[in-house]
Amino acid sequence: MPELAEVEFYRTQWNDGLGKKVLRVALHGDKRIFRGTDVEGLERVLAGSVLKSSEARGKQMLFRFTKDAWLGLHLGMTGKLTTAPADHAPAKHEHLVLFQKERALVFEDMRQFGRVHFHQGKEAPAWWAEIGVAPNDPEFTLELMRAFLARRPKLTVKAVLLVQEGFPGIGNWMADEILWRAGIQPARLVRDLSEEASARLWKETRYVAREALKKIGKKFGDPPKGWLFHERWSRKGVCPKHDTPLERATIGGRTTAWCARCQPS
DNA sequence: TACTCTGTTGAATA
DNA sequence: TTATTCAACAGAGT
């Protein structure tokens, strides 16, 4: 579930803990979300450190602590960040809990497609610096997007929108929303896009990213009325513009919904 | 009961 | 190097 805007929303859920010390760390260190992570170091260093700040880039989040400690989080498909009372007992899927005096900062992830990174150093970890420019960033220019498309000519447009190096933060529902608004058939190959079509793709990518951030990033909830979002889940979904039934297929390995009338080619 | 579906992604294979 | 497929996981729905 968590795409660009939802990630931003979840990031802010730990804001109450900013400037406060972590007294104790509870975690399920054998879970998949910790794969490749120095769990022992994470536990030892974060206990006694103070949460200083946080930032989101695409679907990634980075929390900065004192002691030069950095906690990177990815929510996968079912990850959530919440807070709980200080005496909270971690539930089955609450794999990482940072206890502070007044509250517990909770990371839960039922299906464990998410990920926890721990890093200690003056600078942010290398993987963080390498994240691409997200569509809500002013640096996400038409030229930048076209340069990325040029390297993926044989992907379908639907598939290319899901490649995080080029479109950080875009996930399945946002991709469908963008293509519907841009009037592009999702199974179209990238190399067959006209100049005009790629310009529309760029414009709508930015629009959907910014609007979603505005509406969902602040206060969790559904996108505005009239978005394809509200129709694409249901078997009986119809195009918000013409009420024509939506087409459905697996494209780029993912369930895809589109309107044959709005997106003929 | 058993089988299918799911908003992610990254490893293995071609 | 780039594209495709499948598995990791847990639960809900049919």
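Quick note: numbers below take in every heavy atom, side chains included, and nothing from hydrogens, waters or symmetry partners. Quick note on labels: first sequence line is chain A, next is B, and so on, each numbered from 1.
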**Message:** Taking only the P atom of each, what is the distance from dA7(C) to dC3(B) in whole angstrom?
**Reply:** 15 Å
**Request:** For Leu189(A) and dT4(C), give me the distance from atom CG to atom P, rounded to whole Å.
**Result:** 9 Å
**Asked** Rounding to the closest angstrom, what is the interatomic distance between dA12(B) and dC9(C) at atom P?
**Response** 15 Å
**Request:** Just name whichever nucleotide pairs with dA8(C), Watson-Crick or G-U, keeping both distances under 3.5 Å, else none.
**Result:** dT8(B)
**Message:** Test side chain to side chain contact (heavy atoms under 4.5 Å, CB included) on Phe99(A) and Asp87(A); report intermediate values, then the result.
**Reply:** CA-CA 8 Å; Phe99(A) 288 98; Asp87(A) 61 353; over 6 Å; no
**Asked** Does OP1 or OP2 of dA8(C) have a side-chain N or O of Lys31(A) closer than 4.0 Å?
**Response** no
**Pair Glu143(A) + Arg146(A): basic N to acidic O under 4.0 Å** = no
**Message:** Both Arg115(A) and Arg248(A) contact DNA chain B. Taking the nearest nucleotide for each, which residue is further toward the 5' end?
**Reply:** Arg248(A)
**Message:** Nearest whole Å is fine: how far is dT4(C) P from Arg254(A) CZ?
**Reply:** 15 Å
**Prompt:** For atom NZ of Lys241(A), is the number of surrounding heavy atoms from other residues, nucleotides or ligands below 6.0 Å larger than 12?
**Reply:** yes
**Asked** Taking only side-chain nitrogens and oxygens of Thr255(A), does any of them come within less than 4.0 Å of OP1 or OP2 of dT6(B)?
**Response** yes
**Asked** Say you draw a straight line from CZ of Phe148(A) to CD of Glu165(A); how long is it, rounded to the nearest 0.5 Å?
**Response** 6.0 Å
**Message:** Any salt bridge linking Arg200(A) with Glu204(A)? Criterion: basic side-chain nitrogen under 4.0 Å from a carboxylate oxygen.
**Reply:** no
**Request:** Starting at atom NZ of Lys59(A), determine the distance to atom P of dT8(B), rounded to an integer number of angstrom.
**Result:** 4 Å
**Asked** With no angle test and no hydrogens, is the base of dT8(B) tied to the side chain of Arg111(A) by a donor-acceptor pair under 3.5 Å?
**Response** no
**Prompt:** For the pair made of CG in Asp222(A) and P in dG7(B), what is the distance, rounded to whole Å?
**Reply:** 16 Å
**Request:** Report yes if a side-chain nitrogen or oxygen of Gln112(A) is closer than 4.0 Å to either non-bridging phosphate oxygen (OP1 or OP2) of dA10(C); otherwise report no.
**Result:** yes
**Request:** Nearest 0.5 Å please: distance from the CD atom of Glu55(A) over to the CZ atom of Arg64(A).
**Result:** 10.5 Å
**Request:** Round to the nearest Å and state the distance from Phe113(A) atom CZ to dA10(C) atom P.
**Result:** 9 Å
**Prompt:** Which class fits the ring pair Tyr10(A) and Phe220(A): parallel under 30°, tilted 30 to 60°, perpendicular over 60°?
**Reply:** tilted
**Prompt:** Is the distance from OP1 or OP2 of dG11(C) to the nearest side-chain N or O of Lys92(A) less than 4.0 Å?
**Reply:** yes
**Asked** Got a salt bridge between Arg57(A) and Asp137(A), using NZ or NE/NH1/NH2 to carboxylate O under 4.0 Å?
**Response** no
**Request:** To the nearest Å, give me how far apart CE (Met77(A)) and P (dA7(C)) are.
**Result:** 15 Å
**Prompt:** Counting only side-chain N and O atoms of His93(A), is one of them less than 4.0 Å from OP1 or OP2 of dG11(C)?
**Reply:** yes
**Counter-base of dA2(B), judged by Watson-Crick or G-U geometry with both distances under 3.5 Å** = dT14(C)
**Prompt:** Please give, in whole Å, the distance from dA8(C) C1' to Asp109(A) CG?
**Reply:** 11 Å
Look for any protein N or O under 3.5 Å of an N or O in nucleotides 1-3 of chain C and output each such pair with its distance, or none.
residue: dA3(C); atom: OP1; partner: Lys154(A); partner atom: N; Å: 3.2

**Prompt:** Can you tell me how far P of dT8(B) sits from CG of Leu162(A), to the nearest Å?
**Reply:** 7 Å
